[in-house]
Engineer: 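The structure's right below; bear with me while I get my questions together.
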Amino acid sequence: MVQTILRLPAVKAESGASRSTIYLRIKQGLWTKPVKLGLRAIGWPSNEVAALLQARIAGFDDQSIRALVVKLEEARASAFKTI
């Protein structure tokens with residue numbers, strides 16, 4: 001599977017959320033933290049964005065989404081431990 005990084009305009013378009021809402025959800029633990037791409041560039045792995053949107057569509061409550069965020073961020077970190 002090809003992994004892509006979505007920049008903020010793409011994440012906004014995919015989610016329908018504004019910039020401030022995305023950052024509020026990060027603060028609340030309802031969205032994954034961005035990946036640094038450079039000194040002034042960030043993005044989100046497309047699979048994480050898709051998983052979070054699917055959870056919202058499926059009607060997951062905030063507690064379940066927080067657990068999903070933790071799981072996604074742990075998977076992101078463990079992917080590089082094997083390298």
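Reckoned from all heavy atoms, side chains included, excluding hydrogens, waters and symmetry mates. Source: prediction; values computed, not measured.
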Engineer: Would you say the side chain of Ser46 lies within less than 4.5 Å of the side chain of Ile5, judging by non-hydrogen atoms?
Structural biologist: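 The answer is no, as the side chains (C-beta and beyond) never meet within the 4.5 Å cut-off.
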Engineer: List for me each residue that meets side chain to side chain donor-acceptor pair (under 3.5 Å) alongside Ser15, sequence neighbours excluded, and say none if there are none.
Structural biologist: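 Partners of Ser15 by the side chain to side chain donor-acceptor pair (under 3.5 Å) criterion come out as none, since no residue qualifies.
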Engineer: According to a 4.5 Å side-chain heavy-atom criterion applied to Ile, Leu, Val, Met, Phe, Trp and Tyr, with indirect links allowed, do Trp44 and Val35 form part of one hydrophobic cluster?
Structural biologist: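 Result: no, two separate clusters.
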Engineer: Could you report the tightest heavy-atom contact between Arg19 and Lys12, atom names first, then the distance?
Structural biologist: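 Arg19 and Lys12 have their closest heavy atoms at N-CD, 4.0 Å.
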Engineer: Can you give me the closest heavy-atom contact between Leu52 and Thr32, atom names plus distance?
Structural biologist: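 Minimum heavy-atom contact is CD1-N, 3.8 Å.
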Engineer: Got a sec, which residues hit side chain to side chain contact (heavy atoms under 4.5 Å, CB included) with Ala41, two or more places apart in sequence or on another chain?
Structural biologist: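 Once residues adjacent in sequence are excluded, the partners of Ala41 under the side chain to side chain contact (heavy atoms under 4.5 Å, CB included) criterion are Arg7, Leu37.
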Engineer: Show me the side-chain donor-acceptor pairs of residues 68-75 shorter than 3.5 Å, one per line, residues at least two apart or across chains.
Structural biologist:
residue	atom	partner	partner atom	Å
Glu73	OE2	Lys33	N	2.8

Engineer: Under 3.5 Å, which donor-acceptor pairs link side chains of residues 21-30 to any protein atom two or more places apart or in another chain?
Structural biologist:
residue	atom	partner	partner atom	Å
Thr21	OG1	Ser18	OG	3.0

Engineer: For residues 37-46, which residue pairs pass the salt bridge (charged side-chain N to carboxylate O under 4.0 Å, His left out) check, not counting sequence neighbours?
Structural biologist: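 Residue pairs passing salt bridge (charged side-chain N to carboxylate O under 4.0 Å, His left out), neighbours aside: none found.
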Engineer: Looking at side-chain heavy atoms only, is the closest gap between Trp31 and Val49 below 4.5 Å?
Structural biologist: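 SC-SC contact between Trp31 and Val49 confirmed.
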Engineer: Tell me, which pairs form a side-chain hydrogen bond (donor to acceptor under 3.5 Å, both in side chains) where one or both residues lie in residues 53-66, sequence neighbours left out?
Structural biologist: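 Residue pairs passing side-chain hydrogen bond (donor to acceptor under 3.5 Å, both in side chains), neighbours aside: Asp61-Ser64.
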